[in-house]
Asks: 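My structure is below; once you've seen it, I'll send some questions.
Residue numbers start from 1 in every chain, and the chains themselves are labelled A, B, ... in the order their sequence lines are given, proteins ahead of strands.
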Protein chains: 2
Amino acid sequence: MSIFSKTCEYAIRAVFFIAHRTESGDRVGIKEIATGISSPEHFLAKILQDLSRRGIVKSAKGPNGGFYMDEQTLRRPLVDVVEAVDGNGLFVGCGLGLVSCSEKKPCPLHAEFAVIRKNIHQMLVKTSIGDFTEDLNLGITNLKK
Amino acid sequence: MSIFSKTCEYAIRAVFFIAHRTESGDRVGIKEIATGISSPEHFLAKILQDLSRRGIVKSAKGPNGGFYMDEQTLRRPLVDVVEAVDGNGLFVGCGLGLVSCSEKKPCPLHAEFAVIRKNIHQMLVKTSIGDFTEDLNLGITNLKK
DNA sequence: AAAATAAAAGATAAAAAACTCTTTTATTAT
DNA sequence: ATAATAAAAGAGTTTTTTATCTTTTATTTT
């Protein structure tokens with residue numbers, strides 16, 4: 001198990017990649033993104049179609065088409081990407097899978113999980129898609145394999 | 001997505017239940033555990049077989065048989081249960097799924113995830129299976145549905 | 001020894017997640 | 001208008017996870 005689903009990992013890596021490649025305003029094709037983040041091309045295509053429908057990335061068909069981002073999408077918090085793909089199960093909901101778990105009727109790990117869930121949520125709310133472009137440009141960080 | 005797999009959620013709930021029901025030293029059957037934690041009986045049986053092989057729970061066949069725990073297993077940290085079922089992917093490994101991600105060649109969220117992973121790990125190391133028995137006995141916490 | 005009990009083991013089935021391939025639609029450039 | 005390009009959409013397949021059912025093995029009680 002990892003924190004995010006595979007789909008969500010690809011989604012986050014893809015939006016980082018697009019942000020980093022479209023600062024100048026131009027577009028980047030699915031093939032280039034897929035190789036750039038080491039993901040299966042057609043599977044990623046499905047994911048980006050979905051993110052596009054939800055307005056998290058922009059896309060254009062035809063020659064010189066591809067995926068890109070505008071100032072507004074670059075400022076969207078990471079939590080928007082995660083929620084679009086994996087839903088909010090990571091932030092709400094019981095760590096032990098109990099639907100009835102609540103402050104009143106808590107599971108044994110309720111308090112412990114509250115802290116962890118809050119940490120994850122805050123991290124994803126504080127960070128925006130565009131925040132990571134500079135380090136990628138500088139080669140400090142990396143999205144491949 | 002939730003933090004743990006369904007299997008792991010059942011496993012944790014089951015060990016809590018067994019700990020809580022076997023303080024007095026007696027054994028509890030798979031049927032009783034399954035209804036006590038709202039899990040599918042045969043699926044849970046598989047999980048407990050595995051935990052039993054790994055020494056995380058004890059079991060005995062035949063009349064008056066069932067699952068139980070001794071002092072030693074009650075003191076084992078929760079992380080042992082999680083690692084037995086879900087592996088250590090939650091504590092080690094990259095949040096974005098990059099196998100090559102490291103301090104030297106980090107993914108963009110490397111630092112952010114380091115904190116979260118450490119939180120989760122510490123929580124699971126600090127808490128033991130037996131730590132939750134009292135609250136369950138008092139009816140403060142709950143393992144059903 | 002025989003019957004009853006309960007976990008272990010084996011074999012299968014259903015559902016969800018991950019992944020692939022093909023066709024269609026929109027856009028641009030010639 | 002035509003050809004070329006690239007995403008969108010549709011229709012699968014494969015793998016993993018979750019779940020069920022049946023048979024076997026070990027243990028206890030009578």
Asks: What's the CZ-C1' distance between Arg27(A) and dA7(D), to the nearest Å?
Replies: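 Rounded to whole Å, this separation is 11 Å.
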Asks: Can you check whether Val85(A) reaches Leu51(A) side chain to side chain, under 4.5 Å on heavy atoms?
Replies: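 A side-chain contact under 4.5 Å exists here.
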Asks: Is the distance from OP1 or OP2 of dC19(C) to the nearest side-chain N or O of Tyr10(A) less than 4.0 Å?
Replies: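 Affirmative; the distance criterion is met.
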Asks: For the pair made of CD1 in Ile30(B) and P in dA8(C), what is the distance, rounded to whole Å?
Replies: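 Distance check: Ile30(B) CD1 to dA8(C) P gives 8 Å.
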Asks: Go through residues 42-54 of chain B and report each residue with a non-hydrogen atom lying under 4.0 Å from DNA chain D, sorted by number.
Replies: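 Contacts with DNA chain D under 4.0 Å: His42(B), Phe43(B).
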Asks: Atom CZ of Arg13(A) and atom C1' of dA18(C): how far apart are they, to the nearest Å?
Replies: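 So the two atoms are 14 Å apart, to the nearest Å.
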Asks: Is there a side-chain contact between Ser5(A) and the phosphate of dA17(C), meaning an N or O under 4.0 Å from OP1 or OP2?
Replies: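 So the side-chain polar atoms of Ser5(A) never come under 4.0 Å of the phosphate oxygens OP1 or OP2 of dA17(C).
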Asks: Around Glu41(A), counting heavy atoms of other residues, nucleotides and ligands shown, do more than 12 lie under 6.0 Å from its CD?
Replies: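 It does: Glu41(A) CD has more than 12 such atoms within range.
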Asks: Pick the nucleotide of DNA chain D nearest each of Gly62(A) and Ser59(A); which residue has the one closer to the 5' end?
Replies: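 On the 5' side of the pair lies Gly62(A).
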Asks: Could I get the full list of ring-ring contact (aromatic ring centres under 6.0 Å, His included) partners for Tyr10(B), not counting sequence neighbours?
Replies: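 Phe43(B).
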Asks: Grab the CD-P distance between Glu32(B) and dA7(C) for me, whole Å please.
Replies: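 For the pair Glu32(B) CD and dA7(C) P, the rounded distance is 10 Å.
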Asks: Mind calculating the distance between NZ (Lys61(A)) and P (dA26(C)) to the nearest angstrom?
Replies: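 Whole-Å distance recorded here is 5 Å.
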Asks: Please state how far atom CG in Asn64(B) lies from atom C1' in dA26(D), giving the value in whole angstrom units.
Replies: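 My rounded result for the distance is 14 Å.
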Asks: Between dT18(D) atom P and Ile37(B) atom CD1, what is the distance in whole Å?
Replies: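 The distance from CD1 of Ile37(B) to P of dT18(D) comes to 14 Å, rounded to the nearest Å.
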Asks: Where is the tightest heavy-atom contact between Val15(B) and Met69(B), given as atom of each residue plus distance?
Replies: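 Distance-wise, the nearest heavy atoms are CB-CE, 3.8 Å.
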Asks: Side-chain contact test, heavy atoms from C-beta onward, threshold under 4.5 Å: evaluate it for Pro108(A) versus Asp135(B) and give yes or no.
Replies: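 Answer no - side chains too far apart.
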Asks: Go through residues 81-97 of chain B and report each residue with a non-hydrogen atom lying under 4.0 Å from DNA chain C, sorted by number.
Replies: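 Contacts with DNA chain C under 4.0 Å: none.
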Asks: Does the separation of the ring centres of Phe67(A) and Phe17(A) fall below 6.0 angstrom?
Replies: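 No, too far apart.
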Asks: Is the backbone of Asp131(B) close enough, under 3.5 Å, to the side chain of Ser128(B) for a donor and an acceptor to pair up by distance?
Replies: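 A pair under 3.5 Å: no.
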Asks: Using atom NZ of Lys31(A) as one end and atom P of dC21(C) as the other, report the distance to the nearest whole Å.
Replies: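 Those two atoms, NZ and P, are 13 Å apart.
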Asks: Let me know, please, whether Phe4(A) or Gly66(B) comes out on the 5' side of the other along DNA chain C by nearest nucleotide.
Replies: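 The residue closer to the strand's 5' end, by nearest nucleotide, is Gly66(B).
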Asks: For dA17(C), take OP1 and OP2 only and decide whether either is under 4.0 Å from a side-chain N or O of Thr7(A).
Replies: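 Result: no.
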Asks: Is Leu98(A) reachable from Ile33(B) through a run of hydrophobic residues whose side-chain heavy atoms are each under 4.5 Å from the next?
Replies: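 Ile33(B) and Leu98(A): separate clusters.
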Asks: Between Asp50(A) and Arg54(A) (salt bridge meaning N to carboxylate O under 4.0 Å), is one present in this structure?
Replies: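 Judged by the 4.0 Å cut-off on N to carboxylate O distance, Asp50(A) and Arg54(A) do form a salt bridge.
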